[in-house]
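What follows is a short report on a single structure.
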Amino acid sequence: MLIETLSVFPAMFEPVMSTSILGRARQAGIFDFKAYDLRDWTHDRHRTVDDEPYGGGQGMLMKAPPIFEAVRSIASQGPRPHVVFFTPCGAPFDQRTAERLSHEERLLFVCGRYEGIDERAYALADERLSIGDYVLTGGELAAMVVTDAVVRLLPGALGDEMSSVDESFATGETGGLLEYAQYTRPAAFEGAEVPEVLLSGDHAKVDAWRRANAIERTCRWRPDLIPTARLSESERGRAAELVERYHGPGYSEA
Ligand code: SAM
């Protein structure tokens, strides 16, 4: 997979893209990464990428022409990229979206700055994504978040192929839940003991405990995930009880 970004701060990316799992995956050729400077597609002495908004208002907007020129020129170098624009007005990014993007051959992330981007530039977008209901100063961090979430799903990126399968939000056969609680040594710490079943060596019992624990934690902290989680009939009944216990009767109808 090739991941490319277009922004006015391309230098922000390299430390993240060369560290830890991303760095190793890149070195191993699991993905390649390039950061382009939007100013390279400007034609004035000041390399201007922004201008005042029509209609007045605070701040500056990124101009459409350099973005058009840049995206077209980058896209012409190889297979057509899937183009993502980052904006708080985009669809919420989630694990399902990360899984979908991980099947793309080439991704091009366009990062805004200032008060955002001239609306006409979005004609280039295959989709608009937001990483949450808050406003960042620029799309670079959003592009890094999405790159991280996508690359760790690529075969070989984590080393252990199974590690991303039963994680929080994973959409596999039993998925859509938060991950179960995990513990490592020591077995007792500050008066808190590791649940005995995890020390039993009985894998079936451990699996059953983890499944029940994942359901319980999801009902407690993210009851909004329960309607779309993959649960058996008996698990769904248990989840309904737990959601009511933690959030009161009528939560699901709210
Ligand atoms: N005026 C815009 C608004 O109210 O929607 C916010 C512009 S923001 C200051 C500048 C850039 O940061 C955006 O163009 C976008 O690329 C990026 N950005 C900010 N918040 C984001 C978010 N939650 N998700 C994705 N990108 C975001």
Side-chain angles (χ1 to χ4, degrees), residues 1 3 21-22 25 30-31 82 84 86 90-105 107 126-134 142-184 194-254:
M1 170 184 275
I3 299 181
I21 286 171
L22 293 189
I30 291 167
F31 84 112
H82 182 79
V84 177
F86 287 106
F93 177 68
D94 59 11
Q95 191 66 19
R96 191 174 292 274
T97 311
E99 286 168 10
R100 175 169 54 78
L101 294 182
S102 74
H103 299 297
E104 295 288 343
E105 183 181 358
L107 289 168
D126 290 305
E127 62 184 307
R128 311 177 191 201
L129 288 179
S130 162
I131 62 160
D133 291 349
Y134 41 78
M144 287 187 245
V145 165
V146 172
T147 300
D148 190 293
V150 167
V151 167
R152 68 196 300 287
L153 295 174
L154 299 178
L158 294 181
D160 173 0
E161 287 309 315
M162 291 311 288
S163 10
S164 66
V165 170
D166 63 351
E167 285 186 315
S168 299
F169 315 115
T171 57
E173 222 169 88
T174 54
L177 298 167
L178 298 183
E179 192 181 54
Y180 46 80
Q182 304 218 67
Y183 302 87
T184 184
V194 172
E196 215 167 300
V197 59
L198 299 181
L199 313 175
S200 69
D202 183 332
H203 294 301
K205 280 190 181 156
V206 169
D207 286 349
W209 181 89
R210 286 180 166 165
R211 178 77 183 159
N213 185 257
I215 292 170
E216 165 136 23
R217 283 152 65 91
T218 309
C219 291
R220 183 170 187 179
W221 289 311
R222 290 294 305 275
D224 57 301
L225 298 176
I226 291 297
T228 53
R230 289 197 173 83
L231 301 174
S232 69
E233 213 171 298
S234 63
E235 287 173 339
R236 195 154 290 288
R238 171 84 184 125
E241 282 168 27
L242 287 165
V243 169
E244 181 165 334
R245 185 200 302 163
Y246 286 121
H247 305 283
Y251 169 85
S252 52
E253 290 101 60

Check your understanding: If only atom types and distance count, is the side chain of R230 paired as donor or acceptor with the main-chain N or O of G176 below 3.5 Å?
Key -> no
Practice item. Work out which heavy atom in P223 is nearest to a heavy atom in W221; give both atom names and the distance. Key: CD-C, 3.4 Å
Review point. So do the side chains of E127 and F93 get within less than 4.5 Å of each other, counting heavy atoms only?
Key: no
Practice item. Could you tell me whether a side-chain N or O of H247 sits under 3.5 Å from a main-chain N or O of C219, the two making a donor and an acceptor? Key: yes
Review point. Is there side-chain contact between L101 and L129, with at least one heavy-atom pair below 4.5 Å?
Key: yes
Point to revise | Crowding at CZ, R96 (>12 non-hydrogen neighbours, <6.0 Å) | key: no
Check your understanding: What distance separates L198 CG from Y180 OH, expressed to the nearest 0.5 Å?
Key -> 9.5 Å
Check your understanding: So, for Y251 and D224, which heavy atoms are closest and what is the spacing to 0.1 Å?
Key -> OH-N, 3.6 Å
Point to revise | Considering all heavy atoms, the nearest S200-V206 contact | key: OG-CG2, 4.4 Å
Revision key, fill the gap. Minimal heavy-atom distance between A25 and A157, with the atoms involved, is CB-CB, 4.3 Å
Exercise for review: Would you confirm whether S168, through its side chain, and E179, through its main-chain N or O, come within 3.5 Å as a donor-acceptor pair?
Suggested key: yes
Check your understanding: Under 4.5 Å between any side-chain heavy atoms of I30 and M1, yes or no?
Key -> no
Check your understanding: Roughly how far, to the nearest 0.5 Å, is CG of L231 from CG of L177?
Key -> 5.5 Å
Practice item. Measure the shortest side-chain to side-chain distance between Q95 and E167 over non-hydrogen atoms and say whether it is less than 4.5 angstrom. Key: no
Check your understanding: Which is it for R210 and N213 under the side-chain contact (heavy atoms from CB on, under 4.5 Å) test, yes or no, and what are the steps along the way?
Key -> CA-CA 5 Å; R210 286 180 166 165; N213 185 257; 5.6 Å; no
Exercise for review: Give the intermediate values and the outcome of side-chain contact (heavy atoms from CB on, under 4.5 Å) for residues R220 and L242.
Suggested key: CA-CA 7 Å; R220 183 170 187 179; L242 287 165; over 6 Å; no
Point to revise | Between CG on residue D126 and CG on residue L107, distance to nearest 0.5 Å | key: 9.5 Å
Point to revise | Distance-minimising heavy-atom pair for V145 and I131 | key: CG2-CD1, 4.1 Å
Study note, to complete from the structure: NE2 (H103) and NE2 (H82) are apart, to the nearest 0.5 Å, by 12.5 Å
Review point. Taking side chain as C-beta onward, heavy atoms only, is R100 less than 4.5 Å from T97?
Key: yes
Practice item. Report the distance from atom CG of L178 to atom CZ of R217, rounding to the nearest 0.5 Å. Key: 7.0 Å
Revision key, fill the gap. Value for CG (L225) from CG (D94), rounded to nearest 0.5 Å, stands at 10.0 Å
Point to revise | Pair R222-F169, side-chain contact (heavy atoms from CB on, under 4.5 Å): steps then yes or no | key: CA-CA 11 Å; R222 290 294 305 275; F169 315 115; 3.9 Å; yes
Check your understanding: Does CD belonging to Q182 count more than 12 external heavy atoms closer than 6.0 Å?
Key -> yes
Point to revise | N/O donor-acceptor pair under 3.5 Å between R152 side chain and L158 backbone | key: no
Study note, to complete from the structure: Closest heavy-atom pair, W209 versus A181, reported as atoms and distance to 0.1 Å, is CZ3-O, 3.8 Å
Point to revise | Salt-bridge present (E241, R238; N to O < 4.0 Å) | key: yes
Practice item. Go through the steps for V150 and F31 under the test side-chain contact (heavy atoms from CB on, under 4.5 Å), then give the verdict. Key: CA-CA 10 Å; V150 167; F31 84 112; over 6 Å; no
